[in-house]
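Some notes on the structure that comes next.
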2 protein chains.
Amino acid sequence: MTTNKLDTLEPLGSLSMTDRVENSLRLYFTESGFKPGDSLPNEQEMAQKLNVSRNVVREALSRLRMLGMIEARPRRGMVIAQPDLLVGLEKVMNPSLLSQDNLKDVFELRLILEMGIAEFLFARKTEQDLNELEAIVASQNDATVVSKEEEIAFHGKLYEMTGNDTFKRFQTLLMPTFDHVFTGYYNQSKKIEIPNPVTHYDLFKILKTGTVEEFRKAMYTHLAVYFASIL
Amino acid sequence: MTTNKLDTLEPLGSLSMTDRVENSLRLYFTESGFKPGDSLPNEQEMAQKLNVSRNVVREALSRLRMLGMIEARPRRGMVIAQPDLLVGLEKVMNPSLLSQDNLKDVFELRLILEMGIAEFLFARKTEQDLNELEAIVASQNDATVVSKEEEIAFHGKLYEMTGNDTFKRFQTLLMPTFDHVFTGYYNQSKKIEIPNPVTHYDLFKILKTGTVEEFRKAMYTHLAVYFASIL
DNA sequence: AAAATTCATTTGTAGGACAAATATAATGAT
DNA sequence: ATCATTATATTTGTCCTACAAATGAATTTT
């Protein structure tokens with residue numbers, strides 16, 4: 001609890017002007033109740049008000065612009081924009097830079113997500129979804145040993161079927177990292193060579209004619225090969 | 001599939017020099033196989049190499065610095081750093097700016113996550129965790145109608161018990177947004193006034209002495225009040 | 001050889017300049 | 001008076017120069 005509070009406390013001495021201006025602007029935007037489409041004061045005004053150079057203001061604005069929080073129309077001024085939720089995550093997601101701890105957490109996160117989507121799948125599956133999923137399963141020759149691409153195709157389709165676009169994109173972000181960690185744990189081969197007691201076809205069949213409970217149980221077994229390495 | 005490929009294609013004309021330098025630097029860092037701790041060329045060199053002003057380079061670097069991908073030690077040069085996975089998400093998470101679609105997705109995401117953590121909870125629960133959880137449950141006078149704070153305390157503890165720090169922080173990010181959407185769907189009151197057939201105490205008891213399957217079933221019923229509004 | 005001093009390096013910050021395009025105002029034509 | 005044309009002001013994007021301050025390296029002094 002107390003540590004949580006301290007998380008927002010940054011080492012003041014190390015904060016550059018740009019950092020402080022960024023914070024000030026964020027505060028200003030929310031305090032002023034700005035909504036997407038509202039126009040902002042120009043850079044010079046901000047700089048004067050904050051008593052810093054226009055350079056510093058621009059560096060701070062550049063950050064917010066990257067995240068899609070503001071938009072600058074050259075020679076017409078800036079407006080508040082509607083940031084995309086995952087753009088920040090996309091920008092940071094770089095397996096070779098992330099810490100081992102973060103990578104492990106991502107690894108687990110995927111498992112948590114896959115276990116959690118059962119309800120949504122059954123609530124939202126359509127005939128067409130099932131047909132597409134069947135096509136994906138049918139194209140997989142060896143049912144017990146699937147390639148990385150086949151794995152992504154099948155599970156990706158499941159994420160897509162949740163009807164949650166953010167969720168689907170989230171998966172697209174996590175998958176490479178997941179794979180990076182997984183192959184790191186096992187070996188450097190490109191194939192996931194572990195035979196699976198519950199195949200993609202099994203999962204498909206249950207999703208088509210079975211129940212939520214059955215599906216989740218099957219999915220658990222299907223994922224157990226990953227779980228086993230960390231739980 | 002084709003749309004996915006196009007996602008990475010930005011409108012070239014609208015790309016500012018800063019945008020392009022940011023992309024160039026990202027490419028440069030990964031292509032060069034930079035690892036955390038490696039030192040970077042100085043700003044002037046980059047500017048000359050890229051044939052842009054130092055201002056543009058600094059604006060791009062400012063972005064990477066915000067995300068924690070690089071660190072600048074004044075007068076000693078810059079080094080590649082280890083970005084925190086969620087820092088980008090934190091920076092963007094602002095309920096009043098996010099789109100209605102994004103908000104809805106976050107809402108669903110929480111439900112998916114809560115349904116997915118059962119395995120981890122049972123695999124990693126400790127005596128101390130259970131004691132703390134019991135204390136939280138005990139402090140809630142009316143078992144069927146809990147306040148927002150009590151809700152956060154209980155479920156927050158669950159996330160914490162997964163032992164996945166990123167996951168826990170992820171929840172801290174999602175919760176306010178979730179609440180924002182939920183209260184928006186129902187009313188403006190601060191209390192979640194809907195009586196719940198499965199109480200926190202029930203969940204606690206199952207987590208202590210029950211099975212994974214029992215817990216998930218109970219959690220489903222517990223969350224059904226939220227599910228009902230969107231599924 | 002050790003200590004003190006000087007020097008070069010590099011980020012952070014400030015401030016000035018101007019191109020280009022847009023919106024607005026002013027001017028001119030009918 | 002109305003419309004079309006022209007001039008003006010605005011504002012972001014980009015470039016340039018300058019300098020403070022602290023660090024680390026190089027140099028000089030003792």
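Within every chain, numbering begins at 1; the chains are lettered A, B, ... in the order of the sequence lines, protein sequences first and strands thereafter. Just so it is clear, the structure is predicted and the values come from calculations on it, not from any experiment.
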Starting at atom [atom1] of [X], determine the distance to atom [atom2] of [N], rounded to an integer number of angstrom.
X: B/Met17; N: D/dT12; atom1: CE; atom2: C1'; result: 14 Å
X: A/Asn51; N: C/dA14; atom1: CG; atom2: C1'; result: 11 Å
X: A/Glu59; N: C/dT11; atom1: CD; atom2: P; result: 12 Å
X: B/Glu71; N: C/dG12; atom1: CD; atom2: P; result: 11 Å
X: B/Arg65; N: C/dT11; atom1: CZ; atom2: C1'; result: 8 Å

Ignoring hydrogens and geometry, is there a side-chain-to-backbone donor-acceptor pair from [X] to [Y] under 3.5 Å?
X: B/Thr162; Y: B/Asn164; value: yes
X: A/Arg73; Y: A/Val79; value: no
X: B/Ser24; Y: B/Arg20; value: yes

Taking OP1 and OP2 of [N], is either one under 4.0 Å from a side-chain nitrogen or oxygen of [X]?
X: B/Ser53; N: D/dC15; answer: yes
X: A/Arg58; N: C/dG12; answer: no
X: B/Thr18; N: D/dT14; answer: yes

Annotated protein contacts, base or backbone, on nucleotides 16-25 of chain C with a non-hydrogen cut-off under 4.0 Å, one of B, S, - each: -B--BBSS--

is_close_aromatic(A/Phe170, A/Tyr159), centroid dist under 6.0 Å: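 Ring-ring flag for A/Phe170/A/Tyr159: false, centres at least 6.0 Å apart.
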
Centroid-centroid distance, A/Phe120 to A/Phe167, less than 6.0 Å: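 For A/Phe120 and A/Phe167, the ring centres are not under 6.0 Å apart.
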
Flag for A/Asn94-A/Ser96: side-chain donor and acceptor within less than 3.5 Å: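 Result is yes, a qualifying pair exists.
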
Carboxylate-amine/guanidinium contact A/Lys157 A/Glu160, below 4.0 Å: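 So A/Lys157 pairs with A/Glu160 through a salt bridge.
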
Short N-O contact, B/Arg65 and B/Glu71, less than 4.0 angstrom: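 Looking at B/Glu71 together with B/Arg65, the answer is no, because their closest N to O distance does not fall below 4.0 Å.
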
Residues from residues 28-47 of chain B lying under 4.0 Å of DNA chain C - heavy atoms: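 Output list: B/Asn42, B/Glu43.
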
Plane angle bin for A/Tyr28 and A/Phe34 - parallel if under 30°, tilted between 30 and 60°, otherwise perpendicular: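 It falls in the perpendicular class, over 60°.
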
